K.L.:
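Handing you this structure, nothing more for now.
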Amino acid sequence: MKALLLENVHPDADASVTGHGRVEIQRLSASPDRAELEAALADTELLGIRSRTQVDEALLSAAPKLLAVGCFCIGTNQVDLEAAARRAVPVFNAPFANTRSVAELTLASVVMLMRGIPEKMHAIRNGEWLKSAVGSREVRGKNLGIVGYGNIGSQLSVLASGLGMHVHFYDKDPKLVHGNARVMNSLDELLETCDAVTLHVPSTAQTRWMLGERELMLMKKDAVLVNHARGDLVDVDALARLMGEGHLAGAAIDVFPQEPKGKGEVFSSPLLNQKNVLLTPHIGGSTLEAQAAIGRDAAIKLARYAFEGSTNHAVNFPQVEPGPLLVGRTRLTCSHRNEPGFLSRLNEAVSAAGANVASQSLQTVGELGYVVADIEGEINGELLSAVKRLDGTLDSRVLVDCNEGIETA
Ligand code: NAI
């Protein structure tokens with residue numbers, strides 16, 4: 001099995017991939033130019049990228065042996081997921097690997113803002129000694145409002161409770177409540193109730209600009225706001241204007257409507273002139289621990305697909321978790337068009353080959369189906385060829401042994 005890892009994927013990824021089976025890993029430090037990448041992809045079976053490499057239809061067609069793509073990051077926008085699915089290529093990512101990093105920074109930001117630290121740091125750099133306790137508050141006993149109680153929001157809830165904060169949250173879906181957290185019936189109720197409000201929702205049609213002037217005005221005059229989620233959730237012009245007028249005591253913003261694309265581009269924001277702001281360059285999840293965790297998570301998912309046929313946690317594929325292959329069995333995987341009659345055609349081919357199915361799992365999503373069948377004994381090449389020829393088959397593989405790798409016909 002050949003894996004190509006681009007963009008300085010964390011070194012921990014190597015052991016996670018090779019821990020499941022024999023893999024020859026090639027690393028290219030940057031994202032190479034198109035011609036170099038296409039040449040390298042000719043015999044690549046597992047591809048690991050971060051956010052810069054664009055995997056589109058044309059690139060996929062230059063990778064005839066490609067089995068799976070691992071995005072060693074959170075987002076998967078850089079991959080044409082539908083094109084990958086049409087080619088029976090599952091795409092994996094590491095969505096929870098930096099959850100803790102964001103939750104820690106958020107809580108630290110709330111503490112810093114409620115103590116007025118950004119303003120005091122700015123003053124001391126200019127030789128000013130702002131020693132007054134006016135406006136400086138502990139977080140203990142204060143109301144923290146979490147918008148979006150998903151991975152990050154719920155982790156933050158636990159950490160904030162430990163500091164003695166009263167946690168309130170608003171989510172569009174019913175959620176498991178951690179500790180003594182209180183569910184708010186509406187965003188407005190949360191905004192009116194809390195001393196610190198923090199956003200942890202994705203950018204969607206429903207959340208875009210969810211905090212405009214009206215919503216910011218609902219917040220307490222001395223409340224603080226944190227946005228470490230997405231840049232288009234908050235109207236930063238309205239935020240800067242209201243802060244300038246003395247509404248809101250501070251804001252910590254890590255994500256912006258317009259972010260520089262690289263080091264060369266200058267950052268500008270109406271918030272730069274505000275006193276009690278903590279502005280950071282979209283680094284909420286950027287820690288050494290998160291990078292290592294991303295390296296391990298994405299690599300394990302790639303390897304488990306390669307050697308066990310597991311599509312668990314794939315973002316564009318039906319999810320099948322067949323577990324380890326038992327001794328004496330051989331595993332047949334088949335990605336196929338989701339259409340009536342396919343499973344019976346597959347089973348007819350298996351039974352015509354005299355093979356006995358010991359277990360079988362099938363899942364479908366949209367136009368795609370994925371089935372994993374464990375067969376007693378060995379699978380001969382003729383059966384694999386017959387399955388590959390079936391009307392509707394996109395790809396089929398035989399997994400011989402988790403430590404021996406895969407035979408593809
Ligand atoms: P998640 O998917 O686990 O949680 C999101 C939550 O928001 C879910 O519980 C969902 O039900 C809720 N939600 C969605 N739409 C909503 C709406 N209209 N109203 C109320 N609740 C709604 O996501 P996770 O992992 O907690 O991440 C949250 C955000 O943080 C994402 O936007 C992500 O991109 C961002 N993020 C930012 C990072 C940074 O570097 N600053 C790093 C990692 C994540």
Side-chain angles (χ1 to χ4, degrees), residues 10 50-52 71-78 92-110 144-160 167-178 181-191 193-194 197-212 215 218 225-236 251-261 267 269 271 277-295 297-298 313 315:
H10 195 277
R50 289 172 70 190
S51 52
R52 262 186 296 159
C71 297
F72 286 73
C73 49
I74 310 303
T76 52
N77 297 346
Q78 69 280 40
F92 300 94
N93 63 343
F96 321 121
N98 63 7
T99 296
R100 172 73 188 206
S101 304
V102 180
E104 281 189 12
L105 186 68
T106 300
L107 189 54
S109 300
V110 171
L144 175 67
I146 299 174
V147 182
Y149 206 67
N151 296 317
I152 297 171
S154 56
Q155 171 89 192
L156 173 65
S157 172
V158 174
L159 298 178
V167 176
H168 301 67
F169 74 86
Y170 169 68
D171 198 290
K172 70 176 174 49
D173 295 332
K175 292 283 167 174
L176 173 70
V177 179
H178 293 274
R182 282 187 55 203
V183 182
M184 298 277 97
N185 294 319
S186 68
L187 178 62
D188 287 5
E189 186 187 2
L190 178 139
L191 295 172
T193 307
C194 292
V197 171
T198 181
L199 306 181
H200 301 287
V201 290
S203 168
T204 65
Q206 288 72 42
T207 60
R208 214 156 288 141
W209 314 122
M210 74 194 303
L211 291 198
E215 291 76 19
L218 289 178
L225 172 69
V226 179
N227 181 12
H228 287 171
R230 280 294 172 257
D232 57 3
L233 304 179
V234 179
D235 178 345
V236 283
I253 310 291
D254 185 49
V255 286
F256 300 85
Q258 276 90 38
E259 296 181 2
K261 295 205 169 38
F267 171 72
S269 166
L271 293 167
V277 288
L278 270 172
L279 306 182
T280 44
H282 203 147
I283 43 79
S286 302
T287 61
L288 297 175
E289 290 82 358
Q291 286 305 314
I294 287 170
D297 281 15
H313 304 298
V315 297

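As the structure is a prediction and not an experimental result, all values here were calculated from the model. Hydrogens, waters and symmetry mates are skipped; everything else that's a heavy atom, side chains included, is used. Numbering of ligands and ligand atoms starts at 1, following listing order.
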K.L.:
In the protein, what heavy atom is nearest to atom 21 (N) of ligand 1, and what distance, to one decimal place, separates them?
P.N.:
Lys172 N, 3.2 Å
K.L.:
Heavy-atom contacts with Asp254 under 4.0 Å: which atoms of ligand 1 show up? List them by number with element.
P.N.:
39 (C), 40 (O), 41 (N)
K.L.:
Among all the protein's heavy atoms, is there at least one whose distance to atom 2 (O) of ligand 1 comes out below 4.0 Å?
P.N.:
no
K.L.:
Test Phe169 against Val177 for side-chain contact (heavy atoms from CB on, under 4.5 Å), laying out the working first.
P.N.:
CA-CA 9 Å; Phe169 74 86; Val177 179; 4.0 Å; yes
K.L.:
Quick one: does Glu104's side chain have a donor or acceptor within less than 3.5 Å of a partner on Ser101's backbone?
P.N.:
no
K.L.:
At a non-hydrogen distance cut-off of under 4.0 Å, which region of Phe96 contacts ligand 1 (side chain, backbone, both, or neither)?
P.N.:
neither
K.L.:
Any nitrogen or oxygen of Ile74, main chain or side chain, under 3.5 Å from a nitrogen or oxygen of ligand 1?
P.N.:
no
K.L.:
Could you pull out the closest heavy-atom pair between Phe72 and Gly295, with the gap in Å?
P.N.:
CE2-O, 3.3 Å
K.L.:
At what distance is the nearest protein heavy atom to atom 8 (C) of ligand 1, and which residue and atom is it?
P.N.:
Asp171 OD2, 3.5 Å
K.L.:
When rounded to the nearest 0.5 angstrom, what is the spacing between CG in Leu156 and CG in Asn151?
P.N.:
12.5 Å
K.L.:
In the protein, what heavy atom is nearest to atom 25 (O) of ligand 1, and what distance, to one decimal place, separates them?
P.N.:
Asn151 ND2, 3.5 Å
K.L.:
Could I get the full list of side-chain hydrogen bond (donor to acceptor under 3.5 Å, both in side chains) partners for Thr207, not counting sequence neighbours?
P.N.:
Thr204
K.L.:
If the cut-off is 4.0 Å to any non-hydrogen atom of Tyr149, which atoms of ligand 1 fall inside it?
P.N.:
9 (O)
K.L.:
Which residue and atom name correspond to the protein heavy atom nearest atom 27 (O) of ligand 1, and how close is it?
P.N.:
Ile152 CD1, 3.4 Å
K.L.:
In chain order, what residues pass the ring-ring contact (aromatic ring centres under 6.0 Å, His included) check against Phe96, with sequence neighbours excluded?
P.N.:
none
K.L.:
Is there a donor-acceptor contact under 3.5 Å from the side chain of Asn93 to the main chain of Cys73?
P.N.:
no
K.L.:
Determine whether a donor-acceptor pair (N or O, by modelled atom type, separation under 3.5 Å) exists between the side chain of Tyr170 and the backbone of Leu191.
P.N.:
no
K.L.:
Assess whether atom CD of Glu259 is packed by more than 12 heavy atoms of other residues, nucleotides or ligands within 6.0 Å.
P.N.:
yes
K.L.:
Checking the N or O distance criterion of under 3.5 Å, is ligand 1 in contact with Gly153?
P.N.:
no
K.L.:
So which bit of Asn98 gets within less than 4.0 Å of ligand 1, heavy atoms only: side chain, backbone, both or neither?
P.N.:
side chain
K.L.:
For the backbone of Ile283 and the side chain of Asp254, can you confirm whether one donor and one acceptor N or O come within less than 3.5 Å of each other?
P.N.:
yes
K.L.:
Check whether any heavy atom of Thr99 sits under 4.0 Å from an atom of ligand 1.
P.N.:
no
K.L.:
Please write down residue, atom name and distance for the protein heavy atom closest to atom 22 (C) of ligand 1.
P.N.:
Val201 CG1, 3.4 Å
K.L.:
Yes or no: does Thr207 have any heavy atom under 4.0 Å from an atom of ligand 1?
P.N.:
yes
K.L.:
Taking a cutoff of less than 4.0 Å between a non-hydrogen atom of the residue and any ligand atom, is Lys175 in contact with ligand 1?
P.N.:
yes
